[in-house]
Amino acid sequence: MQHIAIIQRQSPYNSSGGREALDLTLALAAVEHQLTVIFSGDGIYQLLPVNLNNDFSLKRYQQGFKLFGLYEIEQLYICQHSMQQRQIQLKDLAFAAQQLDAIALQQLLAKQQQIVCI
Amino acid sequence: MQHIAIIQRQSPYNSSGGREALDLTLALAAVEHQLTVIFSGDGIYQLLPVNLNNDFSLKRYQQGFKLFGLYEIEQLYICQHSMQQRQIQLKDLAFAAQQLDAIALQQLLAKQQQIVCI
Amino acid sequence: MTTFSLLLTTSPLASQSFASALQFCNAAVAAGYQIEQIFLYQDAIFAASAEIDLPADEPNLSQLLAVFCQQNHIPLLYCVTAAEKRGMLDPGSSFIGAGLAEFAMRLTNSKLVQF
Amino acid sequence: MTTFSLLLTTSPLASQSFASALQFCNAAVAAGYQIEQIFLYQDAIFAASAEIDLPADEPNLSQLLAVFCQQNHIPLLYCVTAAEKRGMLDPGSSFIGAGLAEFAMRLTNSKLVQF
Amino acid sequence: MKLISLINPEITIAELATLCDKGDTLLLRQDAVYLARRSDIRWPCQNVTVLKSDLEVRKITPTTGISIIDDAQWVELTASATQVMLWQ
Amino acid sequence: MKLISLINPEITIAELATLCDKGDTLLLRQDAVYLARRSDIRWPCQNVTVLKSDLEVRKITPTTGISIIDDAQWVELTASATQVMLWQ
């Protein structure tokens, strides 16, 4: 069992990164690793709402964030600097996570054994 | 016959963009289109020297820029703003092109019929 | 009336580009425009093999685009040079292998829209 | 002594990542380190098919990596889920299809280096 | 009038500004529509538009000064533009 | 000490700075070695290194304050780091 941080840096539909980082997160948690997920940069756009009712031909994979609880992934964080830069507030998010400043993020990463950045 | 601008925006070895934009440029010129090539952003790193003598397992495709003359591609430009931002001077380049400021670049693009950005 | 040529460069899974291109084509054809070609370059060539073997629950943009092109008689081409560099053999799908020269010649009387 | 796991996520043509990973492996093995796995995820899975059919004048990083792994008995795995989403069938190369669970389990006693 | 599509929310406005005229039209599509929320961006063109379907799937309300177009208008803009360009 | 590899010359230093400690080591590799030419970048860590082979193929001389390491040193740094991270 290891402490692993996944840093989500991609916007939801500009690459397969967000979706495949989620798959990876769940797979790592399933074999008892301790996961921490950090949304940074354009990755925080993944947490904004998605309309489920209109025509859209890509997978709205963000629904999968609801599985975090089931996989006992509770360490969910957002980079405060990235939020401010993009004029996004916590109330704008469809999926909640805790905002952290630079010092708290650095302390969080210092506790990890592995870091994956996608 | 059309006037076509290719905007090269990728650094040489971080994606296949630079190399495949070159292939595309030559192919378009071969069927009598009038090509203009603009190096902008990280694309200007493609014009810096490459060492031909040491071990490197990717294609040093920048040698292909020498074919521009053969294909009668003479309109070769660099974004001045990108050069300054990256502290690159004309004397640093292995392959010469003309520096243009924003206004000249805009005038150049206004003369084109097609623009491809890679 | 304008005739369009479409150029795609990213793989169908990577981004929304295939979906957007299809959306544009639908609206263009509905408004009476002609489409001269849809040309797949760089990683977009992977659509030619992705058409065939995707899991059933996966959105298959490659296939949707192929069906649309068939119905509207639009040449759906992938670059053979880009495919070779990636080790992709002709997958025998409804995508047609073509050289960059064909793209260049078809461009002559059309307006390029890159996705 | 540290054992490394390598994770690759971009296609072999796209960037220098395969070349860099191979360079790191060579130096690590020369210094006596063990490599637990090389795992190909996202677009890196295309290496499994690229190994077989590249033109002769094209640098074949997929093949170089495969040969290195064979000589040094290093498991060279590609993610079957990522391959399915891209419509890539098992190309029958020397790359071995594996689930993310296998990657996750092999990670346990090794240090991850992402390329 | 050039029509320039942005599809990525990554901010490269300074570089884009060197290539675009005041009279060009910017079209925010795909993930670039996230930029339509922001009031702090100084766009290099007077006309900034955003594609309706891409806004709707992301439930975004654009800031003032950005106009919304549908698919048919997108095609017309593309047909009438003197150049069409994708900023990527 | 985290070891953070940069492989892309795109400048995202402000965002990177939120994730890295003063005591971390930055390693410039692949196309990120072009950044080693520049004297205007305020790196968020004290130790900035660059990979010799990637410098040499691009014929670059790094600016003062950036140290050069070879492949063997790269492996040792990786083995001794408390965390290894790729910034992409």
Side-chain angles (χ1 to χ4, degrees), chain C residues 8-19 21-22 38 40-69 76 78-101, chain D residues 8-19 21-22 38 40-69 76 78-101:
Chain C
L8 280 83
T9 62
T10 54
S11 89
L13 186 75
S15 75
Q16 206 190 321
S17 295
F18 273 74
L22 186 56
I38 297 178
L40 312 181
Y41 192 47
Q42 298 188 256
D43 282 353
I45 59 104
F46 285 125
S49 62
E51 184 199 356
I52 307 174
D53 286 306
L54 282 201
D57 65 332
E58 200 64 34
N60 195 332
L61 270 310
S62 308
Q63 196 169 58
L64 291 174
L65 191 63
V67 169
F68 175 85
C69 287
L76 179 56
Y78 70 89
C79 176
V80 288
T81 319
E84 266 175 19
K85 285 195 177 106
R86 289 164 174 80
M88 190 186 82
L89 294 177
D90 184 339
S93 65
S94 50
F95 293 66
I96 301 157
L100 284 169
Chain D
L8 280 83
T9 62
T10 54
S11 90
L13 187 75
S15 74
Q16 205 190 321
S17 295
F18 273 75
L22 186 57
I38 298 179
L40 312 181
Y41 193 46
Q42 298 188 256
D43 282 353
I45 60 104
F46 286 124
S49 63
E51 184 199 355
I52 308 173
D53 287 306
L54 281 202
D57 64 333
E58 200 64 36
N60 195 332
L61 270 309
S62 309
Q63 196 170 58
L64 291 174
L65 191 63
V67 169
F68 176 85
C69 287
L76 180 55
Y78 71 89
C79 176
V80 287
T81 319
E84 266 175 19
K85 286 194 176 106
R86 288 162 174 80
M88 190 186 84
L89 294 177
D90 185 339
S93 65
S94 49
F95 293 66
I96 301 157
L100 284 169

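In what follows, every chain begins at residue 1, and chains take the letters A, B, ... in the order their sequences are listed.
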Completion exercise
Residues of residues 79-86 of chain D with a heavy atom under 4.5 Å from any heavy atom of chain C, in residue-number order, are D/E84, D/K85, D/R86

Exercise for the section: With a 4.5 angstrom heavy-atom cut-off, could you sort out which part of D/L13 is near chain C: side chain, backbone, both or neither? Expected result: side chain

Problem - Per-residue contact mode, C/N60 against chain D (heavy atom under 4.5 angstrom) - result: neither

Problem - Non-neighbouring partners of D/S15 that pass side-chain hydrogen bond (donor to acceptor under 3.5 Å, both in side chains), sequence neighbours left out - result: D/T10, D/S17

Fill in the blank from the handout: Most contact-rich option vs chain D, by heavy-atom pairs under 4.5 angstrom, among C/S49, C/P55, C/P12, is C/P55

